[in-house]
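Notes follow once the structure below has been shown.
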Amino acid sequence: MLGAIEAGGTKFVCAVGDETGVIEQSIQIPTTVPEETMLKVIEFFKQYDIESIGIGSFGPIDVNPESKTYGYITSTPKTAWRNYPFVQTLKDIFDVPVGFNTDVNAAALGEATLGAAKGLDSCLYITVGTGIGAGAIIQGNLLQGHSHPEMGHILVRRHPDDEYKGKCPYHADCLEGLAAGPAIEERWGDKGINLVDRKEVWDLEGFYLAQALMQYILILSPKKVILGGGVMNQSQVFTSVYKYLPELLKDYVSLPELSGYIVRPGLEDRAGITGSLLLAHRALKEQQL
Ligand code: ADP
Ligand code: ZN
C-alpha cells in the first residue's frame, strides 16, 4: 500500500492507495503548525502498512538530493513551516522511502499518467488558487533544474485600465500578484465566488493568464495545458483565455484547437493526491533498483 500527502497552505490531504490512482482511504487536515498537523498525518498513516510515501507540497521546497536541506520546506511565508524537515520527519517514524516534490509537479505527474494528458510525454499543469504555480512534464520527466520551477511569479504586462497594485509580497505585480484568488478579491472587493456576474473580472483574469500561457507554451511547447485550482471553476476564465491567447500568439506557432489543448484536470480535484501516490510509487521503485 502506498501513502500520499498533498500538503497545501490551507489543508493537507492524506491518502492510502495504489499506483493506478485507486484511493482507499483519505482524510483532510487543516494546515496549522507542524507539531499539530503532522501529528495527525502520522496518526493516519500508522493505521496502515505503507511501503512508501509521496509528498506533493506547497513551497518553496528543497528538491535537490545533493543539498543538506533536501526534503525541507524552505522560505515559505508560512513562518511555522519555514525550514521544516518534511521528508526526514516521516522517514524517522516510518522508515520507508519518501518521494518529495511540489504540489503542482505532483499534479502534473497525476494528469500525465492518469488524467487529461494520459499517454502524452509532456504536459503543463497550472493551478490558479490562493497562489499560482505550475509543474511540467517534459519528455516524460518532471522539469527540475537548480530547483523546481516557480512559474507563478513571471512578469506580465499590466492591463492599461488595471490600477490594482498587486498582492505578491515579493514582486507586487507578478502573475500571482495580479491574478491569484486573493488578488481578485482585493482588486474587486469581494470573493471570486461572489463576482460570478461581473464579466470584466473574468475577462481581465483571462487577459493575464493568456500572457502567462503564451510564455509557457513558447518556452516549453507542452502537448497539453491543464488549468486547475479554485479560480478555474469560473468557466468564463477559459473563454477569456481562448480569446486572448490567439490575439497574442498571432498564429506564430500552430497549436491544436484550444478547447482541447487548454483543459480542466481530468482527475478533477484529485490530480495532486493521485500524483503524490505516483511519487510514492516512484520512491519505492527507486529504492528497489
Ligand atoms: P488552494 O489554492 O488554497 O489549494 P483553491 O485552489 O480552492 O485552494 O483556491 C482558493 C482560491 O480560489 C480562493 O482565493 C478562492 O476565492 C478562489 N475560488 C475558489 N472557488 C472559486 C470559484 N468557484 N470562483 C472563483 N474563485 C474561486
Ligand atoms: Zn511574485
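Remember, it's 1-based here, ligands and their atoms both numbered in the order they're listed. Along the sequence shown, residues are numbered consecutively beginning with 1.
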Out of Ile184, Val196, Val231, Asp269, indicate the one that has the non-hydrogen atom closest to atom 12 (O) of ligand 1.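 It is Val231 that holds the nearest heavy atom.
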Return the option from Val201, Val13, Thr130 holding the heavy atom at the smallest distance from atom 3 (O) of ligand 1.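 Closest candidate by heavy-atom distance is Thr130.
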Below 4.5 Å, heavy atoms only, C-beta onward: do [X] and [Y] meet side chain to side chain?
X      : Y      : value
Ser26  : Ile273 : no
Ser276 : Ile5   : no
Phe86  : Ile55  : yes

To 10°, measure the SG(Cys168)-the Zn ion (ligand 2)-ND1(His153) angle for me.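 Value returned, to the nearest 10°, is 110°.
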Degrees at the Zn ion (ligand 2) between the SG atom of Cys174 and the ND1 atom of His171, nearest 10°: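 For SG of Cys174 and ND1 of His171, the angle centred on the Zn ion (ligand 2) reads 120°.
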Considering only non-hydrogen protein atoms, determine which one is nearest to [atom] and report residue, atom name and distance to 0.1 Å.
atom                    : value
atom 5 (P) of ligand 1  : Gly230 N, 3.6 Å
atom 16 (O) of ligand 1 : Gly192 N, 4.2 Å
atom 9 (O) of ligand 1  : Gly129 CA, 3.2 Å
atom 23 (N) of ligand 1 : Ile193 CD1, 3.2 Å
atom 13 (C) of ligand 1 : Gly181 CA, 4.4 Å

Is it the case that Thr37 and Thr32 place a side-chain donor and acceptor less than 3.5 Å from each other?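 Note: Thr37 and Thr32 side chains meet the donor-acceptor criterion.
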Taking atom types as modelled and ignoring hydrogens, do the side chains of Tyr244 and Asp203 form a donor-acceptor contact shorter than 3.5 angstrom?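 Yes, side-chain donor-acceptor contact under 3.5 Å.
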Using distance alone, decide if ligand 1 has a nitrogen or oxygen within less than 3.5 Å of any nitrogen or oxygen in Gln234.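 Yes, there is a polar N/O contact under 3.5 Å.
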Evaluate Gly229 for polar contact with ligand 1, using N/O atom pairs at a separation under 3.5 Å.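 No, no N or O pair falls under 3.5 Å.
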Any salt bridge linking Lys167 with Glu185? Criterion: basic side-chain nitrogen under 4.0 Å from a carboxylate oxygen.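 No, this pair does not count.
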Is the backbone N or O of Ala116 less than 3.5 Å from a side-chain atom of Arg264, with the two atoms forming a donor-acceptor pair by type?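 Between the backbone of Ala116 and the side chain of Arg264 there is no qualifying donor-acceptor contact (under 3.5 Å).
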Is it true that a side-chain atom of Ser67 and a backbone atom of Thr69 form a donor plus acceptor pair closer than 3.5 Å?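 Checked: pair present.
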Right, does atom 19 (C) of ligand 1 have protein non-hydrogen atoms nearer than 4.0 Å?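 So far as the 4.0 Å threshold goes, atom 19 (C) of ligand 1 is in reach of a protein heavy atom.
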Side chain, backbone, both or neither: which applies to Lys191 and ligand 1 if a contact is any heavy-atom pair less than 4.0 Å apart?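 No part of Lys191 is near ligand 1 at this cut-off.
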Test of understanding: given a 4.0 Å heavy-atom threshold, classify the contact between Thr10 and ligand 1 as side chain, backbone, both, or neither.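 Contact part for Thr10 vs ligand 1: side chain (C-beta onward).
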Taking atom NZ of Lys243 as the centre, report whether more than 12 heavy atoms of other residues, nucleotides or ligands fall under 6.0 Å from it.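 More than 12 heavy atoms, drawn from other residues, nucleotides or ligands, come within 6.0 Å of this atom.
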